[in-house]
Amino acid sequence: MPKAELHMHIEGSIEPELFLQLAERNAVQVPWSDVDTLRAAYDFRDLQSFLDLYYDGCRVLVHAQDFHDVTRAYLRRAHADGVIHAELFLGPQGHTSRGVAMATVLEGVWAAMREAQREDGLSSGLILLAQRHRSEAEAFELLEQAMPWAEHLLGFGLGGAEVGHPPSKFERFFAHCRSRGMRVVAHAGEEGPASYVREAVELLQVDRIDHGNACVDDEALLRQLAESRTPLTVCPLSNLRLNVSDSLDTHVLPRLLQAGLCVTLNSDDPSFFGGYINDNFLQCQQAYGWAPSQLVELARNSLDASFLPEPQRRAALARLDAFVARAPRQWSAA
Ligand code: ADE
Ligand code: ZN
């Protein structure tokens, strides 16, 4: 089914096989000698225990070719899952802080994105994330370093360790990004409370919320998000692996849908969390007994919530409509 993926970290899509190849290619010492022991390390207590491994793992990304290979592998996999448009997250501070030049990172990623457009017709855009455990001054540095490529960027976002680093810490940075015509998004309400989601909306004035799970704890906020149709990029399998939720049975997703929010389904860090976008769709369908029309609504939301220019967005929605028109009748039943 044609759809967009709006919440996927490039660094979180390095499959173990590629990770070990890159480590060898760049002579980077890593504590895992084979795929099985590496996969066994993907056993996380919480967001921080994941981020520790994730940031350390970034050391295998050194040359533009490495960033290209990781991005191209994800885009191929996404294409196989019916993704026709992807908005990718990248955290340059995790690379520039190790001495990798911004140009190296961006040029590698963009080469892969152009290839995916040319070879698979998959469009994509890039959103740079500031790491929230770092200072707002460092976020401004990131913005300045990225400015030579501003016209090629969709926008900026906020990722990393959430609790203790509220959106308000980055209020001036976000205002600055917006004043430069950038789209803005922020991870909020993954491990943090509903008040962080509210801050992301009210202080940062984000175009979308990444995760947003905790908004269910604030009825007024829930109504506000539904009325403003502020999209949430929800990542169910990520939430299970990082113990944000015990199971899909207790996950907030059905409540978000019930409240009428513009929910999208995404994979977050697919190689670490046991599934790409279709795995997220399928496991939710099985857990919640969704009719096909619910899957179509989620796909429609993803295209609606994308930052595609209007003509392309309408064309993408028409592809989804054409898919539904060709599908068995229950796919279009309300
Ligand atoms: N960076 C990569 N994955 C993340 C997540 N799930 N939450 C916050 N920052 C991230
Ligand atoms: Zn994320």
Side-chain angles (χ1 to χ4, degrees), residues 4-15 19 42-59 61 67 70-71 74 78 86-95 97 105 109 125-134 138-139 142 154-167 169-170 184-193 196-197 199-200 204 206-215 231-245 251-253 263-277 280 302 305:
E5 177 149 51
L6 307 176
H7 185 157
M8 203 300 297
H9 301 259
I10 291 173
E11 299 91 335
S13 69
I14 316 180
E15 286 292 337
F19 179 90
Y42 295 176
D43 179 22
F44 310 112
R45 260 186 332 279
D46 54 14
L47 176 58
Q48 189 60 56
S49 66
F50 160 68
L51 291 171
D52 291 343
L53 188 131
Y54 169 91
Y55 291 146
D56 186 56
C58 285
R59 289 184 300 122
L61 297 166
F67 289 91
V70 172
T71 308
Y74 162 74
E87 296 182 358
L88 309 175
F89 291 152
L90 179 80
Q93 291 161 317
H95 312 300
S97 64
V105 178
V109 168
L126 190 63
I127 297 174
L128 301 186
L129 298 189
Q131 294 176 339
R132 65 203 305 158
H133 69 277
R134 295 179 187 270
E138 287 172 284
L142 163 68
L154 285 179
F156 285 82
L158 201 54
E162 187 180 4
V163 175
H165 303 286
K169 178 176 165 186
F170 295 91
V184 288
V185 298
H187 283 58
E190 180 185 19
E191 283 191 343
Y196 283 24
V197 180
E199 280 187 13
L204 307 188
V206 292
D207 296 297
R208 295 194 296 249
I209 297 280
D210 297 315
H211 295 291
N213 303 39
C215 75
L232 260 59
T233 61
V234 176
C235 306
L237 294 183
S238 162
N239 294 156
L240 299 188
R241 294 298 277 262
L242 299 186
N243 291 314
V244 167
S245 203
H251 194 279
V252 297
L253 182 51
V263 170
T264 68
L265 290 193
N266 306 272
S267 65
D268 203 6
D269 300 283
S271 66
F272 290 95
F273 299 152
Y276 284 79
I277 191 167
N280 279 272
S302 72

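Excluded from the calculations below are hydrogen atoms, water molecules and symmetry mates; all remaining heavy atoms, backbone and side chain alike, are included. Start at 1 and go down the list; that is how both ligands and their atoms are numbered.
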Would you say R241's side chain and S238's backbone share a donor-acceptor pair under 3.5 angstrom?
->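 No.
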Output the list of atoms in ligand 1 that are nearer than 4.0 Å to some heavy atom of D268, sorted by atom number.
->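 Every atom of ligand 1 under 4.0 Å from some heavy atom of D268: 3 (N), 5 (C), 6 (N).
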What atoms of ligand 1 come closer than 4.0 angstrom to any heavy atom of F50?
->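 The atoms of ligand 1 under 4.0 Å from a heavy atom of F50 are 2 (C), 3 (N).
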Any side-chain donor near an acceptor of the partner, [X] and [Y], under 3.5 Å:
{"X": "E11", "Y": "H95", "result": "yes"}
{"X": "N266", "Y": "T233", "result": "no"}
{"X": "D269", "Y": "S271", "result": "no"}
{"X": "S245", "Y": "H251", "result": "no"}
{"X": "Y196", "Y": "E191", "result": "no"}

Looking only at protein heavy atoms, which one is nearest to [atom], and how far off is it?
{"atom": "atom 3 (N) of ligand 1", "value": "D269 OD2, 2.6 Å"}
{"atom": "atom 1 (N) of ligand 1", "value": "H9 CE1, 3.3 Å"}
{"atom": "atom 7 (N) of ligand 1", "value": "E190 OE1, 2.7 Å"}
{"atom": "atom 9 (N) of ligand 1", "value": "G160 N, 2.8 Å"}

Is H211 close to C235 at the side-chain level, that is, under 4.5 Å between some pair of heavy atoms?
->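 The answer is yes; the side chains approach within 4.5 Å.
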Contact check, side chains of C215 and L232, non-hydrogen atoms, under 4.5 Å |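 Contact flag for C215/L232 side chains = yes.
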State if Y54 counts as touching ligand 1 under the rule of any non-hydrogen atom under 4.0 Å.
->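 Flag set, Y54 near ligand 1.
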For ligand 1, is there an atom lying under 4.0 Å from some heavy atom of H211?
->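 Judged by the 4.0 Å heavy-atom criterion, H211 does count as contacting ligand 1.
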Tell me which part of L129 gets within contact of ligand 1: side chain, backbone, both or neither, using heavy atoms under 4.0 Å.
->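 For L129, no heavy atom sits under 4.0 Å from ligand 1.
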Backbone or side chain, does any N or O of G159 fall under 3.5 Å from an N or O of ligand 1?
->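 Between G159 and ligand 1, no N or O pair is found under 3.5 Å apart.
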Report, rounded to 10°, the angle at the Zn ion (ligand 2) between the two atoms NE2 (H187) and NE2 (H7).
->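 With the Zn ion (ligand 2) as the vertex, the angle is close to 90°.
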Just wondering, is there an N, O or S atom on D268 that's nearer than 2.8 Å to the Zn ion (ligand 2)?
->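 Yes.
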Heteroatom test (N, O or S) for H211 near the Zn ion (ligand 2), limit 2.8 Å =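 Looking at H211, which is the residue asked about, there is no N, O or S atom under 2.8 Å from the Zn ion (ligand 2).
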Would you call the rings of F50 and Y54 parallel, tilted or perpendicular if under 30° counts as parallel and over 60° as perpendicular?
->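 Ring orientation, 0 to 90° scale: tilted.
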